[in-house]
Participant: 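Got a structure for you, questions after.
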Number of protein chains: 2
Amino acid sequence: MTTIEFINKLPILEQELKEALLEHSNISRHEKGDFIIKNNEYIKVLKIVLDGKVRVYQANEDREILIYYLNAMETCTLSLSACFEDCKSTVNAIVEENCSILNIPVRFVRDWNFKYKSWNTFTTNTFRESYNHLINQYSTLAFQPLKDRLFDYLTSKASNGIVKKSHQELARELGTTREVISRLLKNLEKSNRLILGQREIILLEKK
Amino acid sequence: MTTIEFINKLPILEQELKEALLEHSNISRHEKGDFIIKNNEYIKVLKIVLDGKVRVYQANEDREILIYYLNAMETCTLSLSACFEDCKSTVNAIVEENCSILNIPVRFVRDWNFKYKSWNTFTTNTFRESYNHLINQYSTLAFQPLKDRLFDYLTSKASNGIVKKSHQELARELGTTREVISRLLKNLEKSNRLILGQREIILLEKK
DNA sequence: GTATACCTGTGACTTTTGTTACAAGCCTAT
DNA sequence: ATAGGCTTGTAACAAAAGTCACAGGTATAC
């Protein structure tokens, strides 16, 4: 995707803003495994994924937990947040599928926020949606047993009832370890809620 | 606190905005135990606490978890979020100390966001700070054992090394049950990290 | 093919957290 | 002073999650 194609997909009305976006942003390409953002590094640009897929997560010594995935046309809310105050990242972002990223220096993002109405709407919506989503994740984490979180997560990620992920990946996404996921999946299989394959899980319940 | 006193404490520059705030907002007073916001109700006003204290939390059948406290001069980020899209609350908010609340109908909040620069800064900062705070809470919840979360929470809430809360209150704030908190506190006492009293916990470590 | 890295299964055990049940202490209002 | 409600303690048990150790399967690259 080119910058122009991207801009035309955004709900942006102002011609001037379109030109500013073209002038001040650049596109970078990244391979699977590249780090886009590292914990404790300063964030200097707003990152918008044009295509591919990026995993944004927090890590402690031995475990990780997913904050969000960035898919095509999605904006990294944390780098948006950083646009309004110089700060270090508290998360990592790693490329899961080769991707193109639109980079916009933070000062423009900040300025445009009051200058262009559609940009203002864009940033506000990004914050709002991310915040609401995170609150839900938070109380799910607090209240739901892992078994349920796992099953719901599979349901949400399935396409045609199939999830193509390894147990290790699921563990990283749900903040636990591989063995625990394997055990829970096996239990779910025994109760006929899914079928396990090699890097493949077939769900037996419709949404 | 009056609306005018409040407005003068805000980092608001535009005279016109000050007048609009005065004209379109109202102050309501609430007693301890009142619900300000209930789960599943529509949010129609932005709520800013002028004084007193409000607890905003999520609940499931038998447990609760704190989202945030609103103290004097603090804004309910979730009601701010609701200003930009009609939606139901996913949380409850209950008055913990008698309070005055400034209520601003959502349509003004939305309009002012692009009309007045200082209001725009105010809303953006509110979102940014809340989002960053919640991300931290999230990974703490995912990775830290309850014992550590409890101790850190006590440290953060202590004034002069003392926390005046019952075990039940702590359980509600940390998303668990009273018995669990009692047990963990007793362990912490045994390892000389604090001293337990009646509705009082004396911390034995400096920050 | 075979080496290598990833992927899955699983038993045994530990730790953490939640549940149930009950006893007793403290505080406040009448 | 005493009743009722909140507060704390605690044992015993159950369930959930994490850890360790090892075995064997699968896929891919050379």
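Chain letters run A, B, ... following the sequence lines, proteins first and then strands; every chain starts at 1.
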Participant: Which listed nucleotide (C/dG18, D/dG9, C/dT20) is nearest to the side chain of B/Lys186?
Facilitator: D/dG9
Participant: Spell out, as yes or no, whether a donor-acceptor pair under 3.5 Å connects the side chain of B/Glu41 to the backbone of B/Ser89.
Facilitator: no
Participant: Is the closest basic N to carboxylate O distance between B/Glu96 and B/Arg55 below 4.0 Å?
Facilitator: yes
Participant: Measure the distance from CG on A/Leu184 to C1' on C/dG9 and round it to the nearest whole Å.
Facilitator: 14 Å
Participant: What is the separation between atom NZ on B/Lys147 and atom C1' on C/dT17, rounded to the nearest whole Å?
Facilitator: 14 Å
Participant: To the nearest angstrom, how far is B/Leu174 atom CG from C/dT17 atom C1'?
Facilitator: 13 Å
Participant: Using atom types as modelled and distance alone, determine if a side-chain donor or acceptor of B/Ser166 lies under 3.5 Å from a backbone N or O of B/Glu169.
Facilitator: yes
Participant: With respect to the side chain of B/Arg183, which nucleotide from D/dA21, D/dG18, C/dT17 is positioned closest?
Facilitator: C/dT17
Participant: May I ask you to verify whether the side chain of B/Arg178 and the base of C/dG18 hold a donor-acceptor pair under 3.5 Å?
Facilitator: no
Participant: State which of D/dT10, C/dT8, C/dG18 makes the closest approach to the side chain of A/Arg199.
Facilitator: C/dT8
Participant: How would you label the contact of A/Arg149 with the nucleic acid (heavy atoms, under 4.0 Å): base, sugar-phosphate, or nothing?
Facilitator: nothing
Participant: Starting the side chain at C-beta, find the nucleotide from D/dG18, C/dT19, C/dC7 nearest to B/Thr177.
Facilitator: C/dT19
Participant: Return the value, rounded to whole Å, for the distance between atom NE2 of B/His167 and atom P of C/dC26.
Facilitator: 13 Å
Participant: Where the side chain of A/Val180 is defined as all heavy atoms beyond and including C-beta, which of C/dC7, D/dT19, C/dC26 is the nearest nucleotide?
Facilitator: D/dT19
Participant: Ignoring hydrogens and angles, does a donor from either the side chain of A/Arg63 or the base of D/dG18 sit under 3.5 Å from an acceptor on the other?
Facilitator: no
Participant: What is the distance, rounded to the nearest whole Å, between atom CD of B/Gln198 and atom P of C/dT28?
Facilitator: 10 Å
Participant: May I have the distance from A/Leu188 (atom CG) to C/dG9 (atom P), rounded to whole angstrom?
Facilitator: 12 Å
Participant: B/Ser182 and side-chain hydrogen bond (donor to acceptor under 3.5 Å, both in side chains): which single residue from B/Glu179, B/Lys186, B/Arg178 fits?
Facilitator: B/Arg178
Participant: What is the distance, rounded to the nearest whole Å, between atom CG of B/Leu170 and atom C1' of D/dC6?
Facilitator: 15 Å
Participant: Quick check: on DNA chain C, is the nucleotide nearest A/Ala142 upstream (toward 5') of the one nearest A/Lys190, or the reverse? Name the residue that is more 5'.
Facilitator: A/Lys190
Participant: Under 4.0 Å, heavy atoms only, any strand: does B/Asp62 hit a base, just the sugar-phosphate, or nothing?
Facilitator: sugar-phosphate
Participant: If I take atom CG in residue A/Leu150 and atom P in nucleotide D/dG18, what distance separates them, rounded to the nearest angstrom?
Facilitator: 12 Å
Participant: When you measure from the side-chain N and O atoms of A/Ser182 to the phosphate of C/dC7, is any distance below 4.0 Å, counting only OP1 and OP2?
Facilitator: no
Participant: Return the orientation label for the A/Trp112 and A/Trp119 ring planes: parallel under 30°, perpendicular over 60°, tilted otherwise.
Facilitator: perpendicular
